[in-house]
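One structure below.
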Amino acid sequence: MSDSAVVLDDLRGESEELDVMVGGLSEEQWGAATPAPGWTIAHQIAHLAWTDRAAVLAATDAEAFAVEAGKAMAAPERFVDEGAEEGAKLPPAELLARWREGREALQEALRAVGPGARFPWYGPPMSAPAMATARLMETWAHGQDVADALGVVRAPTARLRHVAWIGVRARDYAYLVRGVPAPAEQFRVELEAPGGELWAYGPEGASQRVTGKALDFCLLVTQRVHRADTGLVAEGAEAERWLGIAQAFAGPAGAGRTARGA
């Protein structure tokens with residue numbers, strides 16, 4: 001993971017790319033269904049705006065964030081959908097403005113955080129670089145849902161390195177939320193970046209290995225594609241098992257996506 005300024009610059013770039021997709025949509029298009037059951041394009045942007053606001057609170061007002069976190073913990077299966085639903089009811093222009101203002105406020109808040117500072121979150125406390133990385137991952141993933149709804153094919157960029165990094169780092173979390181012990185052995189993950197270079201994680205001599213394109217890996221760990229619809233190769237039974245449950249996001253175990261043609 002890079003320092004805050006680098007990740008925040010990439011987060012801004014990812015947000016701006018998504019903004020181009022939704023900025024000129026008609027009101028009817030804002031209501032278009034996305035691959036996430038029950039979520040329209042408006043829900044996707046409302047969720048990003050809601051989470052950005054929560055992140056700003058976490059970085060600037062721990063007491064106010066604690067109140068919001070308490071509400072979430074009281075309804076762990078509903079609070080994400082409820083936050084998206086509330087925002088999706090807004091007129092598109094108001095929702096778009098709210099998202100733009102919130103993501104800029106987050107940029108300012110995270111750039112102002114001192115080195116080594118950590119602040120509360122729904123899971124373990126986070127540093128500014130970690131929060132920026134998580135926000136980029138979510139922006140990219142929900143942007144994929146919007147792109148799918150609009151029939152847009154996005155060109156992968158080097159910003160995927162942040163998504164890949166958090167996907168690898170979250171390996172043990174995927175086991176934890178399913179109540180399964182995580183493997184003690186580290187895995188080797190080798191990914192072909194959009195520019196053709198190799199992104200590698202873990203010890204070279206690991207017996208459990210995952211190889212393939214970075215785009216496929218990022219789609220899988222954000223649960224935007226079914227394992228069967230990727231070209232990822234797993235060496236070792238535990239590596240294969242991980243690819244079936246991987247998730248880069250916090251919260252309950254995701255349901256994943258149905259395989260094409262299923």
Side-chain angles (χ1 to χ4, degrees), residues 11 14-15 18-19 21-22 25 27-58 64-103 105-106 120-124 126 131 133-150 163 166-167 170 173-174 176-179 218-226 245-258:
L11 172 58
E14 197 64 45
S15 299
L18 177 53
D19 199 314
M21 275 199 288
V22 301
L25 295 182
E27 186 166 348
E28 182 179 7
Q29 287 174 307
W30 276 91
T34 69
W39 279 32
T40 65
I41 290 176
H43 285 83
Q44 300 285 349
I45 300 304
H47 173 69
L48 291 176
W50 180 90
T51 316
D52 284 345
R53 174 181 173 274
V56 170
L57 278 181
F65 175 77
V67 173
E68 294 301 313
K71 295 176 184 177
M73 295 304 103
E77 302 297 331
R78 303 195 313 271
F79 79 97
V80 171
D81 285 333
E82 289 174 352
E85 184 65 34
E86 180 181 355
K89 294 175 181 177
L90 297 172
E94 185 177 345
L95 173 56
L96 186 60
R98 180 176 293 188
W99 175 49
R100 288 170 173 169
E101 292 167 4
R103 71 190 203 227
L106 181 59
W121 195 237
Y122 297 102
M126 300 186 78
M131 175 62 79
T133 303
R135 298 308 307 130
L136 189 152
M137 177 272 294
E138 275 221 277
T139 301
W140 180 81
H142 290 284
Q144 185 63 45
D145 289 338
V146 172
D148 288 343
L150 296 173
V163 183
I166 203 171
Y173 182 78
L176 174 67
V177 295
R178 288 163 176 81
C218 292
L219 288 169
L220 185 67
V221 299
T222 56
Q223 297 193 356
R224 262 56 189 180
V225 70
H226 190 276
I245 64 172
Q247 69 178 68
F249 50 88
R257 295 285 164 86
T258 303

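Side-chain atoms of Q223 come within 3.5 Å of backbone N or O of A246 as a donor-acceptor pair.
Surrounding CZ of R224 are more than 12 heavy atoms belonging to other residues, nucleotides or ligands, all under 6.0 Å away.
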**I166 vs L136, side-chain contact (heavy atoms from CB on, under 4.5 Å): CA-CA, chis, key distance, verdict** = CA-CA 10 Å; I166 203 171; L136 189 152; over 6 Å; no
**Request:** Output, in order, the C-alpha distance, side-chain angles, deciding distance and verdict of side-chain contact (heavy atoms from CB on, under 4.5 Å) for I245 and V177.
**Result:** CA-CA 10 Å; I245 64 172; V177 295; over 6 Å; no
**Item:** R135/R103 under side-chain contact (heavy atoms from CB on, under 4.5 Å): CA gap, chis, key distance, verdict
**Value:** CA-CA 10 Å; R135 298 308 307 130; R103 71 190 203 227; over 6 Å; no
**Trace of the side-chain contact (heavy atoms from CB on, under 4.5 Å) decision for H43 with T40** = CA-CA 5 Å; H43 285 83; T40 65; 2.8 Å; yes
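A distance of 7.5 Å separates CG in L106 from CE in M131, rounded to the nearest 0.5 Å. For the atom pair L90 CG and W30 CH2, the distance stands at 10.5 Å (nearest 0.5 Å). T34 OG1 to Q144 CD: the interatomic distance, rounded to the nearest 0.5 Å, is 11.0 Å. For the atom pair CG (L96) and CG (L25), the distance works out to 9.0 Å, reported to the nearest 0.5 Å. Here the straight-line distance linking atom CD of Q44 with atom CH2 of W99 works out to 11.5 Å at 0.5 Å rounding.
The shortest heavy-atom contact between A105 and V56 is C-CG2, 3.9 Å. Residue A170 comes nearest to A248 through the heavy atom pair CB-CA, 4.1 Å, listed as atom of the first residue, atom of the second, then distance. In terms of heavy-atom proximity, A149 sits nearest to A33 at CB-O, 3.3 Å. Here the closest non-hydrogen pair linking A46 and L95 is CA-CD1, 3.7 Å.
Counting heavy atoms from C-beta outward, L18 and M21 have side chains that approach closer than 4.5 Å. Under the 4.5 Å side-chain criterion, counting only non-hydrogen atoms from C-beta, L219 is in contact with W140. Using a 4.5 Å cut-off on side-chain heavy atoms (C-beta onward), F249 and V80 make no contact.
Taking the charged nitrogens against the carboxylate oxygens, E101 and R98 have no contact shorter than 4.0 Å, which rules out a salt bridge.
Evaluation of the side-chain contact (heavy atoms from CB on, under 4.5 Å) rule for E86 yields no partner, not counting sequence neighbours. Looking at residues two or more places apart in sequence or on another chain, you find a side-chain contact (heavy atoms from CB on, under 4.5 Å) between P35 and D145, D148, R257. For F65, the ring pair (Phe, Tyr, Trp, His ring centres under 6.0 Å) test picks out W121, Y122, with sequence neighbours left out.
The only option from T51, L48, D52 that meets the side chain to side chain contact (heavy atoms under 4.5 Å, CB included) definition with T139 turns out to be L48.
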